[in-house]
Number of protein chains: 2
Amino acid sequence: MALEHAILVSLLEKPGSGYELARRFERSIGYFWTATHQQIYRVLKRMEGDGWIDVREVPQQGRPDKKEYSVAALGRTVLSRWLHEPIEPESVRHDLAVKIRGAAFDDPVALIGEVERHQRAHADRLTHYLAGQLRDFTGPDAPTAQDAGQELQHAVLRGGIAYERMMLAWLDDVLATLHGLRPEH
Amino acid sequence: MALEHAILVSLLEKPGSGYELARRFERSIGYFWTATHQQIYRVLKRMEGDGWIDVREVPQQGRPDKKEYSVAALGRTVLSRWLHEPIEPESVRHDLAVKIRGAAFDDPVALIGEVERHQRAHADRLTHYLAGQLRDFTGPDAPTAQDAGQELQHAVLRGGIAYERMMLAWLDDVLATLHGLRPEH
DNA sequence: ACTAACATGTAAGCGGTTACATGATTTC
DNA sequence: GAAATCATGTAACCGCTTACATGTTAGT
């Protein structure tokens with residue numbers, strides 16, 4: 001499990017509330033890890049109880065008060081230990097691949113629309129990533145000298161971009177295969 | 001959830017026992033979906049209770065008897081319905097990406113070995129996929145005329161190959177980034 | 001008036017992992 | 001004699017999803 005670790009990394013990059021973390025998990029951190037706000041609040045409470053993170057009540061005007069979390073010394077230790085222990089390459093789960101193989105026993109042509117839908121979703125994500133890259137790393141407003149943190153964030157983002165490009169190309173391949181199928185007789 | 005559907009597809013491709021399914025989930029089906037034998041046995045029992053699949057006790061010599069499952073009419077209906085309903089593009093979870101971003105707050109150089117380990121794992125998988133492709137689809141012993149099922153299986157396998165190649169290239173990129181980091185002073 | 005954004009939670013359920021358990025046969 | 005393969009399960013746990021719940025402020 002790496003949700004705690006993802007939260008630790010995100011809080012090290014910038015302290016914030018559960019709500020803010022949930023928003024980050026829809027954006028940058030969410031490129032490679034997802035979590036709902038319910039899950040985040042629960043884990044934050046446990047992490048606080050275990051002394052991994054500190055809380056600070058922040059009164060706000062015009063908005064509900066929030067709890068700002070930051071990484072405690074113990075949290076840094078936990079993260080460091082995790083970084084130094086090997087993890088297994090994660091197992092993949094592609095619903096769409098199951099569908100594609102299943103299509104052989106149904107109507108393959110009916111799957112074309114679904115594949116195109118997925119392709120649009122991946123194209124949207126790619127556009128989103130590329131905009132982020134331009135804004136934060138390669139654009140005119142990006143910081144000229146980048147520290148290790150930014151270099152590594154950029155490397156992860158390049159991974160997301162490579163993934164989406166790969167998916168788009170593969171889904172093209174799948175569509176060509178679906179179109180090329182001739183009904184048996 | 002798609003484990004039931006993955007099992008239906010696999011049983012349509014070829015009926016088999018829970019044990020055999022578990023083995024397939026380590027090979028071909030496992031390219032895009034994983035499941036342990038415990039999970040498979042439990043789901044098979046439920047699917048049988050719901051009338052999605054049929055069982056046949058097969059006595060064997062020199063081996064324990066096995067239960068051979070095959071897809072029932074209801075199972076085909078369930079699969080067909082699922083194939084026709086849209087699913088959301090799955091959310092990604094990459095532990096390694098969390099580690100890479102986390103490395104900025106620890107020792108980035110210490111991560112090099114871990115990244116290389118993952119790269120070897122992906123290289124192994126790629127080799128495995130390519131061997132499977134040669135054996136089943138593009139080699140001299142592969143069937144010349146391929147039906148829809150084989151065409152689609154091949155398309156999924158090409159996806160696995162594209163994924164592993166993408167990962168290898170990206171991990172090269174990550175390694176170059178890690179090596180390029182100069183300690184601040 | 002309504003919607004969106006801000007902010008934090010509880011409760012039920014379930015899919016999946018990990019550990020434990022058994023027993024035969026084949027191969028080294 | 002030990003290990004690997006074949007074959008099927010139970011039990012405990014837990015991470016995560018889905019649904020439900022509440023309340024404020026800002027903008028249209």
Side-chain angles (χ1 to χ4, degrees), chain A residues 1-8 15-27 29-30 32-50 52-53 55-69 82 87-95 98, chain B residues 1-8 15-27 29-30 32-50 52-53 55-69 82 87-95 98:
Chain A
M1 222 273 292
L3 176 56
E4 286 109 333
H5 306 111
I7 288 177
L8 285 174
S17 67
Y19 185 84
E20 282 162 356
L21 281 171
R23 299 224 55 205
R24 289 184 211 170
F25 274 83
E26 289 167 7
R27 306 188 327 102
I29 292 277
F32 49 82
W33 201 271
T34 52
T36 58
H37 78 271
Q38 293 92 331
Q39 180 72 359
I40 290 168
Y41 282 122
R42 186 136 36 91
V43 173
L44 279 174
K45 198 154 272 184
R46 192 179 69 226
M47 290 169 77
E48 191 209 330
D50 292 344
W52 296 13
I53 52 179
V55 205
R56 197 168 61 93
E57 293 269 349
V58 179
Q60 295 188 121
Q61 289 145 337
R63 290 181 185 183
D65 296 352
K66 67 174 179 179
K67 299 178 183 172
E68 193 182 75
Y69 292 95
W82 179 70
I87 49 170
E88 287 309 301
E90 61 282 338
S91 46
V92 199
R93 295 207 169 169
H94 285 297
D95 299 69
V98 179
Chain B
M1 222 274 292
L3 176 56
E4 286 108 335
H5 305 111
I7 288 176
L8 286 174
S17 67
Y19 185 85
E20 283 161 358
L21 282 171
R23 299 224 55 204
R24 289 184 212 170
F25 273 83
E26 290 167 5
R27 306 187 329 101
I29 292 277
F32 50 82
W33 200 270
T34 53
T36 58
H37 78 271
Q38 293 93 330
Q39 180 74 358
I40 289 168
Y41 282 122
R42 185 138 35 93
V43 172
L44 279 174
K45 199 153 272 183
R46 192 180 69 227
M47 290 170 77
E48 191 209 330
D50 293 343
W52 295 12
I53 53 179
V55 206
R56 197 168 60 94
E57 293 269 350
V58 179
Q60 296 188 122
Q61 291 146 335
R63 291 180 184 183
D65 297 352
K66 65 173 181 179
K67 298 177 183 172
E68 195 183 73
Y69 293 94
W82 178 69
I87 49 171
E88 287 309 301
E90 60 282 337
S91 47
V92 199
R93 295 205 169 170
H94 285 296
D95 299 69
V98 179

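It should be emphasised that the depicted structure is a prediction, and the values quoted were computed from it without experimental measurement. Proteins come first, then strands; the chains are lettered A, B, ... in the order of their sequence lines, and each starts at number 1.
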Which atom pairs link the protein and nucleotides 12-19 of chain D when you take only N or O atoms and keep those under 3.5 Å?
from    : atom 1 : to     : atom 2 : distance (Å)
dC16(D) : OP1    : R93(B) : NH1    : 3.4
dC16(D) : OP2    : Q39(A) : NE2    : 2.9
dT17(D) : OP1    : R93(B) : NH2    : 3.3
dT17(D) : O4     : R42(A) : NH2    : 3.1
dA19(D) : N6     : Q38(A) : NE2    : 2.9

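With sequence neighbours excluded, the residues forming a ring pair (Phe, Tyr, Trp, His ring centres under 6.0 Å) with H37(A) are Y41(A), listed by chain and number. Shown here are the side-chain contact (heavy atoms from CB on, under 4.5 Å) partners of D65(B), two or more places apart in sequence or in another chain: P59(B). Under the side-chain contact (heavy atoms from CB on, under 4.5 Å) criterion, V58(B) pairs with R56(B), Q60(B), K66(B), E68(B), sequence neighbours left out.
Within the 4.5 Å cutoff, the side chain of Y69(B) has heavy atoms near those of the V55(B) side chain. Using a 4.5 Å cut-off on side-chain heavy atoms (C-beta onward), K67(A) and E57(A) make contact. By the 4.5 Å heavy-atom criterion applied to side chains, M47(A) and D50(A) are not counted as neighbours.
Contact check, R23(B) against dC6(D): a side-chain N or O comes under 4.0 Å of OP1 or OP2. Remark: Y41(B) is in phosphate contact with dT8(D), judged by side-chain N or O atoms under 4.0 Å from OP1 or OP2.
For the atom pair I7(B) CD1 and F25(B) CZ, the distance stands at 5.0 Å (nearest 0.5 Å).
Residues A22(A) and I40(A) come closest through the heavy atom pair CA-CD1, 3.5 Å.
Partner L3(B) forms a side chain to side chain contact (heavy atoms under 4.5 Å, CB included) with one of L8(B), T34(B), V43(B) and no other, that one being V43(B).
K67(B) places its NZ atom 13 Å from the P atom of dA7(D), with the value rounded to the nearest Å. Rounded to an integer number of Å, the gap from R24(B) CZ to dC6(D) P is 13 Å.
Along DNA chain C, read 5' to 3', the first and last nucleotides having any atom under 4.0 Å from a heavy atom of chain B are dG15(C) to dT25(C).
Although no hydrogens or angles enter the test, the distance criterion places no donor-acceptor pair under 3.5 Å between the side chain of Q39(B) and the main chain of T36(B).
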Nucleotide-level pairing of DNA chain C, given in dot-bracket where Watson-Crick and G-U pairs need both distances under 3.5 Å and | marks other strands: ||||||||||||||||||||||||||||

